[in-house]
Structures are given as C-alpha cells and as structure tokens.
Amino acid sequence: MNIYWDSFKTFFKIGIFTLGGGYAMIPLIEEEVVNKKQWVSKDEMLDLIAIAQSCPGVFAINIATFIGYKLKKVRGAIATTLGTALPSFLIILAIAIFFKQFEDNRIVAAIFRGIRPAVVALIAVPTFRLGQRAKLNWFTIWIPVACALLIWALGVSPIYIIIAAGLGGFLYGKLEVKGKSKGS
C-alpha cells in the first residue's frame, strides 16, 4: 500500500475518533503508530511526545508532522499533518454551519456534560503511561508534581517550566558525565 495514503488514513482515523484534543490522541497514536504499524518505537514515541510538547503549535499536529517526516520526509509530514487536521476542520465547519440550530438544545448540552469526564480520563491515561516510560520513581516524582503545581497554583508559564526542565536536564547530564569520568 502507498505509505502516503496509509499514513494519511491512519492519522485521519485518529483525528476523527478523538475527542479532547492532542493529549487524548496519544493512546490512539501509540496503538496505531507504535504497536500496529511499528513506524516508531516506544522510546522514539516518548521522545516525539516531549519534542511535540516543547514546540509551538498544536500538539497533535506537531506529533503527526514529526512521525510523517520520520517516515517519508516532507511529503510524509504533509500526509500525516493533513490527515490529523482535516477531521477537526470538517467537524468545526459542520458545527459552525449548524450551531444555531442546536445552541439551546438540552440533549446536546447533556451529551457535552457527559463527554467532559471521559475527556479527562483520555488525558489521564497517557499521562500515567508517559510517567511509567519516563521511569518516574519516588526520587523523581516531585519534578512533574512541582511543575504542575507551579503552573496550576502559581500561574507560572509552561514555557518557563519547559526551559527550566531542559536546563536542569542538561546540567544533570553534565554532572552525571563528570561523575562517571571521575569514577573511571
């Protein structure tokens, strides 16, 4: 099968069946791209998630673009990006066209109230999986907790958190390398 068409269809399917945004897409992307298609490894997926979160723009588009680029460079990136963005675009277009008809509908409002808790679960599951793959333990669990509290309770910009975490990881890596070379 044509890899461009296959990657477009894969990401279109992910895009159309995912409610809750990019983070809710992670389990579907992982299932399709890592487990079924084996386009990237679990470790590569974790790295791609970290990079996609750090880049400006929509998370789902970023990760789709990176995976497409890994598959087939620019053309692969275009195929996966369009596959991810097109369902949302079409759904939002349909909502915009028909919204006035359903704006005050109690059934539609009830459906959205029911969807909200499910979206929270869809975001929580990949968060726990990422924590497991990042090898969080009792000595490192404070880092994501502190970062979340800084953002939530104190209103610190996530940009500062990302910069500080990157700097901290760089310095830790330097100290670790220095410590290993002294121990040799």
Side-chain angles (χ1 to χ4, degrees), residues 11 14-35 40-70 77 80-81 83-89 91-92 95-96 99 109-179:
F11 278 90
I14 290 167
I16 206 157
F17 289 112
T18 306
L19 298 172
Y23 295 103
M25 288 181 165
I26 293 173
L28 290 171
I29 293 172
E30 187 174 16
E31 180 61 29
E32 289 293 323
V33 172
V34 175
N35 299 338
V40 296
S41 70
K42 286 188 180 210
D43 287 340
E44 287 174 312
M45 184 69 180
L46 183 60
D47 291 341
L48 288 173
I49 290 169
I51 293 167
Q53 288 175 317
S54 303
C55 292
V58 178
F59 173 77
I61 299 292
N62 289 347
I63 200 160
T65 303
F66 293 143
I67 291 169
Y69 189 83
K70 183 186 181 303
T80 55
T81 302
T84 303
L86 196 56
S88 297
F89 173 76
I91 290 168
I92 290 170
I95 290 171
F99 183 71
I111 289 170
F112 281 116
R113 278 194 306 276
I115 289 173
R116 287 182 193 134
V119 170
V120 171
L122 288 172
I123 293 169
V125 169
T127 301
F128 290 120
R129 285 188 185 154
L130 287 173
Q132 287 174 327
R133 272 194 234 118
K135 296 178 176 72
L136 289 179
N137 57 41
W138 291 108
F139 300 107
T140 59
I141 192 71
W142 67 270
I143 298 169
V145 170
C147 292
L149 287 173
L150 286 169
I151 293 168
W152 175 69
L154 300 179
V156 175
S157 171
I159 293 168
Y160 297 133
I161 301 293
I162 291 169
I163 292 168
L167 209 64
F170 174 77
L171 293 174
Y172 178 76
K174 286 285 195 185
L175 291 172
E176 190 176 54
V177 168
K178 204 180 268 189

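To the nearest 0.5 Å, atoms OG1 (T65) and CG (L48) are separated by 11.0 Å. With rounding to the nearest 0.5 angstrom, the OG atom of S88 is 9.0 Å from the CD1 atom of I16. Here the CD1 atom belonging to I49 is positioned 4.5 Å from the CD1 atom belonging to I63, to the nearest 0.5 angstrom. Once rounded to the nearest 0.5 Å, the distance linking CD1 of I61 with OG1 of T80 reads 8.5 Å. Between the CG atom of L136 and the CZ atom of F128 there is a distance of 11.0 Å, given to the nearest 0.5 Å. Once rounded to the nearest 0.5 Å, the distance linking CD1 of I151 with CD1 of I161 reads 5.0 Å.
Inter-residue side-chain proximity for L149 and L154 is flagged as unmet; no heavy-atom pair is nearer than 4.5 Å. No side-chain heavy atom of V34 sits under 4.5 Å from any side-chain heavy atom of S41. Side chains of R129 and P27 form a contact here, defined as non-hydrogen atoms less than 4.5 Å apart. Two residues are said to be in side-chain contact when any heavy atoms from C-beta on lie closer than 4.5 Å; I29 and I67 meet this criterion. When side chains are defined from C-beta on, F11 counts as touching V33, because their heavy atoms get closer than 4.5 Å.
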CA sep, side-chain torsions, deciding dist, call: N62, Q53, side-chain contact (heavy atoms from CB on, under 4.5 Å):
CA-CA 8 Å; N62 289 347; Q53 288 175 317; over 6 Å; no

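For residues 45-66, every residue pair satisfying the ring pair (Phe, Tyr, Trp, His ring centres under 6.0 Å) rule, not counting sequence neighbours, is listed here: Y23-F59. Each salt bridge (charged side-chain N to carboxylate O under 4.0 Å, His left out) pair with one or both residues in residues 131-147, not counting sequence neighbours, appears once here: E30-R133.
Every side chain to side chain donor-acceptor pair (under 3.5 Å) that N35 has, sequence neighbours left out, goes to E31. Partners of T127 under the side chain to side chain donor-acceptor pair (under 3.5 Å) rule, at least two apart in sequence or in another chain, do not exist in this structure. Remark: K70 pairs with E44 by the salt bridge (charged side-chain N to carboxylate O under 4.0 Å, His left out) rule, at least two apart or across chains. With sequence neighbours excluded, the residues satisfying side chain to side chain donor-acceptor pair (under 3.5 Å) with E32 are K13, K36.
Residues P117 and G114 come closest through the heavy atom pair CD-O, 3.3 Å. Residues M25 and G15 share a closest heavy-atom pair of CE-CA, 3.6 Å.
No more than 12 heavy-atom neighbours from other residues, nucleotides or ligands sit within 6.0 angstrom of CD1 on I159.
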